Chemist: 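Please find one structure pasted underneath; my questions will follow.
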Amino acid sequence: MRYLPLTPDDRTQMLETIGVSSIDALFTDVPESARLDGPVDLPRKATELEVERAFAKMARKNLSAGEAPFFVGAGAYKHHVPATVDHLIQRSEFLTAYTPYQPEISQGTLQTLFEFQTQVARLTGMAVANASMYDGSTACAEAVLMASRVTKRKKAVLSGNLHPHYSAATATLAKYMDIEVETEGAAPGRADDLVKYIDDDTACIVVQNPDVFGHVRDLTALAEAAHAKGALLIAVVTEIVSLGLMTSPGEMGADIVVGEGQSLGVGLQFGGPYVGLFACRDDRNFIRNMPGRLAGETVDADGRRGFVLTLSTREQHIRRDKATSNICTNSGLMALAWTIHMSLLGEKGLTQLARLNHERAIELADRLAGIKGVELVTDAFFNEFTVKLTRPATEVVEALAQRGILAGVPASRLYPGQFETHLILAATETNTDGDLDALEAALKEVL
Amino acid sequence: MRYLPLTPDDRTQMLETIGVSSIDALFTDVPESARLDGPVDLPRKATELEVERAFAKMARKNLSAGEAPFFVGAGAYKHHVPATVDHLIQRSEFLTAYTPYQPEISQGTLQTLFEFQTQVARLTGMAVANASMYDGSTACAEAVLMASRVTKRKKAVLSGNLHPHYSAATATLAKYMDIEVETEGAAPGRADDLVKYIDDDTACIVVQNPDVFGHVRDLTALAEAAHAKGALLIAVVTEIVSLGLMTSPGEMGADIVVGEGQSLGVGLQFGGPYVGLFACRDDRNFIRNMPGRLAGETVDADGRRGFVLTLSTREQHIRRDKATSNICTNSGLMALAWTIHMSLLGEKGLTQLARLNHERAIELADRLAGIKGVELVTDAFFNEFTVKLTRPATEVVEALAQRGILAGVPASRLYPGQFETHLILAATETNTDGDLDALEAALKEVL
Amino acid sequence: QAEPLIFERGDFDNCGVDLPEPKGLKTRLDGLERKSAIGLPGLSEPETMRHYVRLSRKNYAIDLGLYPLGSCTMKHNPRLNEKLARLPGLSDIHPMQPQSTVQGAFELIGELAHWLMTLTNTPCVSMSPKAGAHGELCGMMAIRAALDARGETGRRRVLVPESAHGTNPATAVQCGFVTDEIPADASGRVDMEVFKSKLGDDVAAIMLTNPNTCGLFERDIKEIADLIHEAGGYFYCDGANFNAIVGRVRPGDLGIDAMHINLHKTFSTPHGGGGPGSGPTVFSEALAPFVPVPYVIQDGETWAMVEHEQEARDLSGGEPFGRLVAFHGQMGMFTRALSYMMSHGSDGLRQVAEDAVLNANYILARLRGEMTAAFEGTCMHEALFDDTFLKDTGVSTLDFAKAMIDEGYHPMTMYFPLVVHGALLIEPTETESKAGLDRFCDTLLKLTEAARDGDTGRFLNAPVHAPAKRLDETRAARSPVLTWREDETAQAAE
Amino acid sequence: QAEPLIFERGDFDNCGVDLPEPKGLKTRLDGLERKSAIGLPGLSEPETMRHYVRLSRKNYAIDLGLYPLGSCTMKHNPRLNEKLARLPGLSDIHPMQPQSTVQGAFELIGELAHWLMTLTNTPCVSMSPKAGAHGELCGMMAIRAALDARGETGRRRVLVPESAHGTNPATAVQCGFVTDEIPADASGRVDMEVFKSKLGDDVAAIMLTNPNTCGLFERDIKEIADLIHEAGGYFYCDGANFNAIVGRVRPGDLGIDAMHINLHKTFSTPHGGGGPGSGPTVFSEALAPFVPVPYVIQDGETWAMVEHEQEARDLSGGEPFGRLVAFHGQMGMFTRALSYMMSHGSDGLRQVAEDAVLNANYILARLRGEMTAAFEGTCMHEALFDDTFLKDTGVSTLDFAKAMIDEGYHPMTMYFPLVVHGALLIEPTETESKAGLDRFCDTLLKLTEAARDGDTGRFLNAPVHAPAKRLDETRAARSPVLTWREDETAQAAE
């Protein structure tokens, strides 16, 4: 087998050195009834070419975003990723390195994480950020747990317009920690009223901006209301490109900002691996209660600047059952992709990219609003918005898929049994005029 | 522009340091009438996404080998290249390095070239090999020039079954060096008689094995006949995989072996870049007359083994008009791909690969020979052979292409006006049983 | 060769991408346009390339040499897998596209699930978990849900061997359990007497790693399974060390109820400097009804994904404990892992386990005379040593490990598991050659001798041949600097 | 950290690929089956990966830092180009497929040809040449063919400035010409008086690099063109330095008859450790009839390739001088170059020339006070110094260059061009930042000072911070060891 360097001769010699007669002798601790005497019932080894062909066959059964006019969002967005990003994350020294527990031979990973943390903190308007989480939804759930630890309270209020997968992941994680989760009903196209839920038991309110329907809102009043009751405001951003154009959650008073970083560097990847962003205020208590890894600056024995993983006494491998979370993996390689893409963009590029996204969405919204049978539900938005159709959105989307157009996410797929005619559409810099033409024409046909 | 780091501010400051008022001041040596005052008439800068789309559009207009049952050979062969090869040749330190003129910081390139030379020499059965040529055809042409220098004779005899592109490239290069080129008529399916051409003016005879029609021959007698007259035998190998199974040209008495290395590591690439192999006997006069670069072993100031480019007094940058050739570029990156693929294969893998190729060709030949209207012309072959059809091969190939099958090369495309019904087909390890079925069925239809 | 930070090098006005000019449309952001600068430097593409290529060269990597981290399984990462994960038909698809347009993706997930269930002999797998610890959460939540469904509100104690990974107790706590530690016996395995004494009607489960973190197979595993089941609890198996037994032992045959599988360990998806991982979790019949959404199902030639709890209830009467994550798990890792598994096949995977165990035992055999093996006998896929051999040398486990860096190796896992003093845990994996292992053993023997000979400077100052000397971790933790600030430029320039 | 050769590490029985088992069919090789072993070691995939990754780290590269090789134009290699070159529709096509199945490939070649002709203002281009020197051959053969067509068998003398690349005289000789050298004048350009004196009816052509290898634009180029044409000869322009003028000056406007373009220089296809290159050659109307086969032609929406001389004669009355190479040239390089050109556009390419010249002049301005500039005034894309500043220091140009390695830089081009003593030729290219140039200049100034201050050890022993110390090139040439032999293992182990 091409990945196994031992030759039959090697094996014989090694068994001799070990002093056993056969490989079976090394497996004698396995209960006899559980020892398999031959391979399990699965195909035998395959050549590279065979494996490539099997995967190509599966790949051909999917309609990829690049092949179709594409308007699907709802928490994952198609953006163009520079070729440099994918090249760099395939560097052996990045791709095949482990967690940088040995800092002397991991400065590459550590410095990029430190740079990543700084970029995330600045972009979200916060003071500190960690070295990434699994994804946006788990970052959101962990933020609620952290808020509960920080405030020592046991209630979390979730906006109804928070991505339902995020709400579900949060509720699931909170459930057995005895954190009570309250949720307002969803309200496409407007900001739900969360202030009324805040009381003295409230650890945090969680609000997504732009929300899952694409609507944007000012969080300032909400932050003030929360703070007045001693609660924290957790802001969720699933389209991180929006922060190139919009006031940051930090500036609006958020205490913790979590986000899905997939838009930069990562690609669609059918849902994962993505990269969760996690940032918070500069408060010792906050930092000591953060989940996930942190890279920090220090000096080496010669006094030269260097970086290490730090504050690991929060973490499971040191604190075990007292840890702030059980996490022992970040999304390092995706964080690298994110930080490379962000370094290429810089402030100038990100701002321009955000503006292009916004403009494409405006153009799309105006075009669709002009179609009979389409009503624009979201009047303030970034690059995603919701329309109400005269037919069930699921049928419309399927009919458009048959025409080779990937038109968006029916709201009812996220909220089963609700919003049957609502369709959530995203536009990005990757959409051409031709894409807009195609959608407009096809939509007219199927409505 | 994304590749240009200078900012407008930088430019202003730098002009100041230089002491000129504008960039135009640096171009004043250009005759005024030749100074363009604006961009030429070509499109303006394009984003990555725009460029990607333009190329994807062109790519879609081609039928790629992987999409079709594929039997095209005639000097370039489709083999499976392990993913490791393409990954490694994209390592920054290999891809973006220059010619290793500074050996202290080029040991990576130099050692791989030294390993490459050794592999080529062993495979061809020769004592030494150079660090690669542009491709097989130019290697062939340079070998004739070298033979003329070594023997101080001015006549070259080319087999009629030498790939006509090789003959043409050789004749072109020989023409102005006043080397007379004689060629025998082509003879599909048999060894042409070259002995009769050898006389006391003959510098070399050039024979391809397997020849362009796929026929294999024993070169021993030819070598002896040539040597008897003081001429050299140059053996050409366009399908290097054949040497995994066949007696090497060196063992059959060749003095110089040239080859196209494309089959290993390189891929089809519509004709280039490929990698020319060049090997010869261990003879001081031969080596001093070789074209191209040579990596050689030496020691550094601490006495440790190291490698350098050597014997460069043969080369143009030292010897100028007295150089053995004007070449100052090899096919370094492709040589790297070749040597990586060969290191993965090793003797065991190469032998097995060659056998698989041979067997597929036998199966294909037998199947086709069973079709009414097909006559197998080549009885001894490696992975390529020629058949005679009842219709012009060009028509047949086009009809099969319409059916999505790439069926081979009509001999008349190589020999205009000749062999109209001859078709040259290659089979490799990449051909499935389904490919053979498809060709067989379709060929029955169109004949 | 210090590499400046991008904040010290880049420029807010520079940019390494080209984008079309915006048209200047009036925004519709309801007045939420950003008013202040962000502070993000941009670098041209050539500068970006160099920054990261140069930084990368400060890392060690499996592509450079042996990475003998016990319990972390750092093995060769085939580039075929990287290539296939980048097929546009697999990478450029959206998790919320119409299901009719992603049938191949569902098929791939289903195929991988089939391999995982077959290799473990279990009837069910959840593909959601994003990493191993996330898989533990998935498994323990299912256990909690099963207990809740049985109305067993009093079962909250989870037994955890002291050799367990830290994630085990941390996970148990996140599921509302308390942990109770079981010591190791003299052979490095669960002390069966203590284990039995701890069983009771408040016991929810045992979390056991097998082979355990001492590199030993828990001989009594079937008895443990029987006893925990008799006591009304469940058996969670930490699958971090599955590499040792894959293809030779099916955990389902040992009586486990749940086990996560680290695709980034046993099935070689790259660690990427700390992530992403992927931790699909298999379940027994008993726990299968509680698996979270989403999951794929097959109906004839058609695949579908069950995305909502209600849908799961309606379809199969299941009681999902919820949803762990947005979308469908680590698709990119699924592709790589399946490619790896298909490449090996059932015969190759069996060989993986055999060679992994053979390599570890070879190291144990070659070193046990000079370094102190923690336990008697042979081991599974990793060899555990304690620091007795360093006694009175003035060299600590840490110093010894750092000296290995100067010899060109990444250190082994240190100070874990906690059951032995100054642990050194070496896992070579099956992708190391005998010649490579010999060089490694020779080096360790040379270092052992140097320590014994009093050449302490070599250890205390190590590493000296590395991109950085030993780093001050205390300082980093005491006054944390977690982001770059303007005033650092001057400091850095000092 | 010596890396053993594969021959010292691999095994004839080991293999890093998996292949199906052959069926054991009887061979049809007419008795030519191989009878003896080849001697090719095989390595498993993980071992292969490490061998080459480790070797790569012994190389310098443009991705690591400045590569200031005069006349070689080492600039940033965008990865977009690598990605596009690997599109299966462009990379996985065979040069002898039916033309109807490769229309997109022909279109790409045609499009690139259009860009090259437009940028040079010429009516014709041959895409065959595999490298720059091959392009020279293409150009000079066309000139030879044109002369032969005119029956001018007496014109065999080619004028070549002494500053020319070695390829120029070598190429001329390969076309049956003899060369006649023209010295440089005091300003570093063609000595017009000598040039004029050498004109005559035996002159076939002049081969002139412009900007020349001193980094200077040949001010009198139009007069040179006129005079050589008047004398009945042709003007071959070596396009190696096209980077300095691309988008600002069209060589066709200067009166050239032929010029090769190094796609791997001006248009940034990677050098790959010495190749592949690609050297399309443009032609004036006078030489167009003689271009070699093959070439693409367009008829409405359809593309075709003219592959045979007779076909060319029949179609256009051309007289191709022959064929340079099998198939159609360096397609993989065409893709990369066209991607590069389209990315820049006509405006970006103009900026390339301007920034390249600006960067070179900035270096010249910053260094000319301490190092000795070879000529007065400004330069084009490269700055030439001689070794006067090293006089009496005991440090040679070579020593100075090797000391740069210890500072983390690749040396500049040394001892070329031959017109100045101990030349140091620096070409930064446009893809270097001002900050990067400043660091480079600071380093050179520091070295200059060190040389002046008598710190010769630093130079004579350099490099010390490199994968190898200075290598014994004389030994290598005196007793050449060009392949590995068995008995070397012992020697290497010493």
Side-chain angles (χ1 to χ4, degrees), chain B residues 1 5 10 14 18 29 34 39 42 44-45 55 58-59 61-64 72 91-93 96-97 99 103-105 107-109 118 122 128 134 137 165 168 172 176 270-273 296-298 300-301 306 310 316-317 320-321 323 326 329-330 332-333 344 346-349 355 380 401 409, chain D residues 12 15-16 22 30 39-40 42 52 55-56 58-63 84 87-89 92 94-96 98 101 104 130-131 133 166 169-171 175-176 217 253 272-277 322-323 326-328 330-332 345-348 362 365 433-434 466 468-469 471 476 481-484:
Chain B
M1 208 281 147
D10 289 336
M14 291 164 79
I18 296 164
D29 283 340
L42 287 166
R44 301 304 162 93
K45 76 170 176 172
F55 277 76
M58 289 188 281
K61 293 181 189 166
N62 301 325
L63 178 61
S64 73
V72 190
R91 280 280 296 179
S92 285
E93 294 90 335
T96 75
T99 309
E104 298 86 356
I105 46 176
Q107 287 297 304
T109 296
T118 308
R122 290 182 172 201
V128 292
Y134 302 142
S137 68
H165 288 181
T172 301
Y176 302 128
F270 204 53
E297 187 183 314
T298 186
D300 77 0
T310 192
Q316 49 73 29
H317 66 282
R320 302 177 72 87
D321 56 327
N326 77 334
T329 302
N330 66 355
L333 197 70
L344 280 166
E347 181 131 1
K348 188 179 162 199
R355 187 164 279 280
V409 179
Chain D
F12 296 165
C15 185
D30 200 19
L40 294 171
Y52 293 100
L55 279 178
S56 77
K58 295 171 183 267
N59 272 3
Y60 192 86
I62 189 76
D63 280 355
L84 297 180
L87 289 173
D92 190 28
H94 190 288
M96 301 294 278
T101 65
K130 293 273 190 181
T171 300
C175 297
F217 198 93
D253 294 343
R323 172 184 275 274
F327 313 127
H328 323 318
Q330 306 285 60
M331 180 67 174
S346 57
D347 48 340
Y362 184 68
S433 69
K434 176 174 178 296
K469 298 253 172 104
L471 286 143
V481 179
L482 305 176
T483 56
W484 182 84

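Note that these values count all heavy atoms, side chains included, but never hydrogens, waters or copies made by symmetry. On a predicted model such as this, the values are computed, not experimentally measured, just so you know. Sequence lines set the chain letters: A, B, ... in the order given, protein chains first and strands last, and positions in each chain run from 1.
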Chemist: Looking only at heavy atoms and a cut-off of under 4.5 Å, which of D/G42, D/G104, D/C175 has the most pairs with chain B?
Modeler: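 Answer, by heavy-atom pair count under 4.5 Å with chain B: D/G104.
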Chemist: For D/D63, is there any backbone N or O sitting under 3.5 Å from a side-chain donor or acceptor partner on B/S92?
Modeler: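 Checked: no pair found.
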Chemist: Measure D/A365 against the heavy atoms of chain B and call it side chain, backbone, both or neither at under 4.5 Å.
Modeler: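 The answer is the side chain of D/A365.
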Chemist: If every non-hydrogen atom of B/G306 is compared with every non-hydrogen atom of D/L471, which pair is closest and at what distance?
Modeler: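 Smallest heavy-atom distance, with atoms named: CA-CD2, 3.7 Å.
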Chemist: Nearest 0.5 Å, please: how far is CG in B/D321 from OG1 in D/T171?
Modeler: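 Going from the OG1 atom of D/T171 to the CG atom of B/D321 covers 11.0 Å.
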Chemist: Measure distances from B/M14 to the heavy atoms of chain D and classify the residue's part below 4.5 Å as side chain, backbone, both or neither.
Modeler: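 Looking at B/M14, backbone and side chain both touch chain D.
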Chemist: Considering only heavy atoms and a distance below 4.5 Å, find which of D/G348, D/P88, D/G16, D/P95 pairs most often with chain B.
Modeler: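 Ranked by heavy-atom pairs under 4.5 Å with chain B, first place is D/P95.
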Chemist: Between D/I62, D/L87, D/D30, D/D347, which shows the greatest number of heavy-atom pairs under 4.5 Å with chain B?
Modeler: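 Sorted descending by pairs with chain B, the first entry is D/D347.
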Chemist: Mark yes or no for whether B/T172, through its side chain, and D/R323, through its backbone, hold a donor-acceptor pair below 3.5 Å.
Modeler: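 Yes; judged by distance alone, with no hydrogens or angles, the pair exists.
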Chemist: Flag the pair D/F327 / B/H165 as yes when at least one side-chain heavy-atom distance between them is below 4.5 Å, and no otherwise.
Modeler: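 Touching, per the 4.5 Å side-chain cut-off.
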Chemist: Would you check if the side chain of B/D300 reaches a backbone N or O of D/A468 as a donor-acceptor pair within less than 3.5 Å?
Modeler: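 A pair under 3.5 Å: no.
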Chemist: Is there a donor-acceptor contact under 3.5 Å from the side chain of D/N59 to the main chain of B/E93?
Modeler: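 Side chain of D/N59 to backbone of B/E93, a donor-acceptor pair under 3.5 Å: yes, one is there.
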Chemist: Is there a donor-acceptor contact under 3.5 Å from the side chain of B/R122 to the main chain of D/G39?
Modeler: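 Yes, B/R122 side chain to D/G39 backbone: donor-acceptor pair under 3.5 Å.
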Chemist: At a heavy-atom distance under 4.5 Å, which candidate from D/G332, D/A326, D/G322 has the highest pair count against chain B?
Modeler: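 Counting heavy-atom pairs under 4.5 Å, the top option is D/A326.
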Chemist: For chain B, which candidate among D/S346, D/G176, D/G277 shows the most heavy-atom pairs at distances under 4.5 Å?
Modeler: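 Most heavy-atom pairs within the cutoff with chain B belong to D/S346.
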Chemist: Using the ring pair (Phe, Tyr, Trp, His ring centres under 6.0 Å) criterion, which residues pair with D/Y362? Sequence neighbours excluded.
Modeler: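 Partners of D/Y362 by the ring pair (Phe, Tyr, Trp, His ring centres under 6.0 Å) criterion come out as none, since no residue qualifies.
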Chemist: Keeping B/E347 on the side-chain end and D/L40 on the backbone end, is there a donor-acceptor pair under 3.5 Å?
Modeler: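 Yes; judged by distance alone, with no hydrogens or angles, the pair exists.
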Chemist: Which one wins on heavy-atom pair count under 4.5 Å against chain B: D/M331, D/K58, D/H94?
Modeler: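 Option with the top pair count is D/H94.
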Chemist: Calculate, to the nearest 0.5 Å, the distance between atoms NZ and OG belonging to D/K130 and B/S137 respectively.
Modeler: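 Between D/K130 NZ and B/S137 OG, I get 6.5 Å after rounding to 0.5 Å.
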Chemist: Can you name the closest pair of heavy atoms from B/T96 and D/A61 and give their distance?
Modeler: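 The pair with the smallest heavy-atom distance is OG1-CB, 3.2 Å.
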Chemist: Has B/N326 got a side-chain atom pairing as donor or acceptor with D/A170's backbone, closer than 3.5 angstrom?
Modeler: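 Absent.
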Chemist: Nearest heavy-atom pair of B/A401 and D/T101: which atoms, and what distance?
Modeler: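 So the two residues come closest at CB-CG2, 3.9 Å.
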Chemist: Taking the side chain as every heavy atom from C-beta outward, state whether B/L333 and D/P276 have any atom pair closer than 4.5 Å.
Modeler: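 Side chain of B/L333 against side chain of D/P276, heavy atoms only: contact under 4.5 Å found.
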Chemist: Quick one: are B/N62 and D/D92 in side-chain contact, heavy atoms under 4.5 Å?
Modeler: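 No; the side chains remain at least 4.5 Å from each other.
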Chemist: Determine whether a donor-acceptor pair (N or O, by modelled atom type, separation under 3.5 Å) exists between the side chain of D/S56 and the backbone of B/R91.
Modeler: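 Pair absent, no side-chain N/O of D/S56 close to backbone of B/R91.
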Chemist: Contact between B/K348 and D/F12 at the side-chain level, heavy atoms closer than 4.5 Å - yes or no?
Modeler: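 The answer is no; the side chains never approach within 4.5 Å.
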Chemist: How far apart are the C-alpha atoms of B/T118 and D/L482, what are their side-chain angles, what is the distance that settles it, and do they pass the side-chain contact (heavy atoms from CB on, under 4.5 Å) test?
Modeler: CA-CA 8 Å; B/T118 308; D/L482 305 176; over 6 Å; no
Chemist: Return the minimal non-hydrogen interatomic distance between D/T483 and B/V128, and the atom names on each side.
Modeler: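 Closest heavy-atom pair between D/T483 and B/V128: CG2-CA, 4.1 Å.
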Chemist: Which distance, rounded to the nearest 0.5 Å, do you find between the CD of D/Q330 and the CZ of B/F270?
Modeler: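 If I round to the nearest 0.5 Å, the distance is 13.5 Å.
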Chemist: Are any side-chain N or O atoms of B/S64 and backbone N or O atoms of D/G89, one a donor and one an acceptor, separated by less than 3.5 Å?
Modeler: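 No, the answer is negative, given that no donor and acceptor are paired below the 3.5 Å cut-off.
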